Amino acid sequence: MANSPSQSSGSSHPDLTDPHAARRHKLEEIVKRGIDPYGQRFDDRQLVKECRQRGSEVRFVTQAGESLELPDMESPELDYRQWKTDHGPGEEVGPTVRVAGRIMLARPTGKLIFMNLRDWTGDIQIFVGKKQVGEESFELAKLFDLGDLIGIEGRLGRTNTGELTVFAEKLFLLSKMLEVPPEKHAGMTNADLRQRMRYADLAFNDGVMQTFLDRTKIVKSVRSTLDERGFCEVEGPTLHTIPGGAAARPFETHHNALDMGLTMRIALELHLKRLMVGGMERVYEMGRVYRNEGLSPRHNPEFTMIEIYQAYGDYESMMELTERLICEAIDKIGGGYKRQYNGQEVDFTPPFKRATYAELFEKATGIDPADQDAVMELAGRLKIETTGKHPDVVRNEIFEEKVEDSLDGPIFVIDYPASICPLTKRKRDNPEIAERFELFICGMELANAYTELNDPDLQEELFQTQLAGLDDEDSMAKMDHDFVRALRYAMPPAGGLGIGIDRLVMVLTNSKSIRDVILFPILRPE
RNA sequence: GGAAGUGUAGCUCAGUUGGUUAGAGCAUUCGACUUUUAAUCGAAUGGCCCUGGGUUCGAGUCCCAGCACUUCCA
């Protein structure tokens, strides 16, 4: 990759057709002129977005001194050139602005240069005319390359085609780019390169910045929705002595001074529940968790989860909250409740659909999920390994295979078989059914919620059976005695909710891969 | 872990049945141009065809192994 020849700057015969060498050469030329190619602070600047808003201040001043309002530039019938001949002679006069950003495109036509300048709020055209900026500045402008960061002071106006443009009066080089930008239409398409060089991806590929700005808005929105409802954000430990709260393989690490093994957290749950015992009645944490497992378009080893606990609530309360969290986030990023994801329409208009695990199972397979013989027989036909497995586990594998992928959603799958939900309270009228829901969108599990189990003795028992059922590979799972002791101090009945933030961002920004919504996903070393 | 695909200029991609000196667009350099907008026109420069082995008179192309990435599956 970009192994610039980095011709030692003094090299007497640089090959100027080599793009890297050409940039180095221009850098030297700039330095020779006594200009710092890495610039200085640039005060009083306006964002491109602000300049666009001030575009309405541009007026057409005739030679007679008459100040006319410009015609509607959006109008398709408008021939601005003609309009000017009809109303002229005269010229556009607008406010003076200072903008700074990256040169994305340049169209030199002899003694003038058009450039497209981009800051993180948008693009705006710059006009640099030799006569207008003077010989010296124009020579400097010719030393600018695509990708350079520059500052421009000039008046807002319109070109003959009506395009809002900053007519440069002063030019500032703020930082010279020594690497070569990607191809200007296709951009950088190699997924590996895009992630490895996220800076270039953000700077040059359309839509990338917007996705990550939307991510920030979604995260902020989730926090404010919860804060408004009296939830309290906390920060639990990321280094755990006992990995718990989920079934996943942890990353292991070591504390030198204590000479003690530690694992990175795989979930937030157990510490948040301890806080509920302590009296934090509405508590949440949004943060990174780490799972030492395979990669896929939906899995990165570190990802962002939010877990939310509400004392004296149950999974019904969490369903309503889930809808609020998602809908308010959509309100913040805009685009409406009917959205596109992977080419299909997803309608987030609340309330979301709800269906029980059993009815979805029966609809997809034609088999009563309670009929164990039929379930095992179907598993055989689907070539699902059944030996040594509990029928409920087998049934769940069928569910995952036959039902989950087809859940376009958003849909709450509710009331799971109790046997696959050890940390969940059972329904009062049916101990076989656990009060749990999962939210599915486009076949992807986005949220998971329970009416939390708060019976310490039952919790301990379930821990034991869970541990007994694990094979050697997973035997690093350990009984969390302190957690059970905490429950003995009495945890209120509560609803608990977990949402995969990365997946939520994927769905709301129409991103196919989790790696498109994580700034720096894990990569092999270069 | 399994299957399929991809790897060629700084970037995006062609490259026929194995056949002479590996092509295009963008970018870069030089020339023309003061209202362009993927600016245009003319010219030039730019290659470890992922790596290693093999088949062949001859390999970017076929075979084997490896590496990396992508997609699907587990």
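These figures come from a predicted structure and were not determined experimentally.
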If I pick the C1' atom on B:rC67 and the same atom on B:rG31, what distance separates them, to the nearest angstrom?
46 Å
Would you confirm whether A:Tyr80, through its side chain, and A:Pro71, through its main-chain N or O, come within 3.5 Å as a donor-acceptor pair?
no
Which base, if any, makes a Watson-Crick or G-U wobble pair with B:rU29, both distances under 3.5 Å?
B:rA43
Here the side-chain hydrogen bond (donor to acceptor under 3.5 Å, both in side chains) pairs for residues 105-122 of chain A, sequence neighbours left out, are A:Arg107-A:Asn116, A:Arg107-A:Gln125, A:Arg118-A:Asp123, A:Asp119-A:Thr121
Of all of residues 90-119 of chain A, which get a heavy atom below 4.0 angstrom from RNA chain B, listed by number?
A:Leu105, A:Arg107, A:Pro108, A:Thr109, A:Gly110, A:Lys111, A:Leu112, A:Phe114
Let me know the distance between CZ of A:Phe167 and P of B:rU34, rounded to the nearest Å.
16 Å
Give none if B:rC48 has no partner; otherwise give the nucleotide forming a Watson-Crick or G-U wobble pair with it, both distances under 3.5 Å.
none
I'd like to know if the side chain of A:His87 reaches the main chain of A:Trp83, judged simply by a donor and an acceptor atom lying under 3.5 Å from each other, with no hydrogens or angles considered.
yes
B:rC62 and B:rC26: how far apart are their P atoms, nearest whole angstrom?
30 Å
Take the protein atom CG of A:Asp145 and the nucleotide atom P of B:rG10, then report the distance between them rounded to whole Å.
17 Å
Take A:Met188 and A:Lys84, find for each the nucleotide of RNA chain B with the closest heavy atom, and name the residue whose nucleotide sits nearer the 5' end.
A:Met188
Length of the line joining A:Ile126:CD1 and B:rA39:P, which is rounded to integer Å:
15 Å
Mind checking whether A:Phe251 and A:Tyr290 have parallel, tilted or perpendicular rings, split at 30° and 60°?
perpendicular
Is B:rU61 paired to anything, Watson-Crick or G-U wobble with both distances less than 3.5 Å, and if yes, which nucleotide?
none
Any strand is fair game: report the nucleotide pairing with B:rC72 by Watson-Crick or G-U wobble, both distances under 3.5 Å, or none.
B:rG2
Taking B:rG60 as the reference, what is the distance to B:rU40 when you measure between their P atoms (whole Å, please)?
35 Å
Identify whether any heavy atom of A:Arg81 sits under 4.0 Å from a base atom; if not, whether one sits that close to sugar-phosphate; answer base, sugar-phosphate or nothing.
sugar-phosphate
Table please: side-chain donor-acceptor pairs of residues 170-177 of chain A below 3.5 Å, with sequence neighbours left out.
unit_1   : atom_1 : unit_2   : atom_2 : d
A:Lys176 : NZ     : A:Leu143 : O      : 2.9
A:Lys176 : NZ     : A:Asp145 : OD2    : 2.8
A:Lys176 : NZ     : A:Asp148 : OD2    : 2.6

A:Lys338: which residues meet the salt bridge (Lys or Arg N to Asp or Glu O under 4.0 Å) condition with it, sequence neighbours left out?
none
Describe the nucleic acid contact of A:Lys26 in one word from base, sugar-phosphate, nothing, applying a heavy-atom distance below 4.0 Å.
sugar-phosphate
Pairs under 3.5 angstrom only: tabulate donor-acceptor contacts from the side chains of residues 296-304 of chain A to other protein residues two or more places apart or in another chain.
unit_1   : atom_1 : unit_2   : atom_2 : d
A:Ser296 : OG     : A:Arg298 : N      : 2.9
A:Ser296 : OG     : A:His299 : N      : 3.2
A:Ser296 : OG     : A:His299 : ND1    : 2.7
A:Arg298 : NH1    : A:Gly443 : O      : 3.3
A:His299 : NE2    : A:Arg503 : NH2    : 3.4
A:Asn300 : OD1    : A:Ile522 : N      : 3.4
A:Asn300 : ND2    : A:Glu302 : O      : 2.9
A:Glu302 : OE1    : A:Arg288 : NH1    : 2.8
A:Thr304 : OG1    : A:Arg215 : NH2    : 3.4

When you measure from the side-chain N and O atoms of A:Lys184 to the phosphate of B:rA27, is any distance below 4.0 Å, counting only OP1 and OP2?
yes
No-H, no-angle donor-acceptor pair, A:Gln125 side chain to B:rU36 base, under 3.5 Å
yes
Just checking A:Glu345: does its CD atom have more than 12 heavy atoms from other residues, nucleotides or ligands closer to it than 6.0 angstrom?
yes
B:rC13 phosphate, OP1 or OP2, under 4.0 Å from A:Thr189 side-chain N/O
yes
A:Glu91, A:Lys84, A:Met73, A:Glu163 screened by side chain to side chain contact (heavy atoms under 4.5 Å, CB included) with A:Arg158, the one that passes:
A:Met73
Going 5' to 3' along nucleotides 68-74 of chain B, which nucleotides have protein heavy atoms under 4.0 Å from the base (write B), which only from the sugar-phosphate (write S), and which from neither (write -)?
SSS-S--
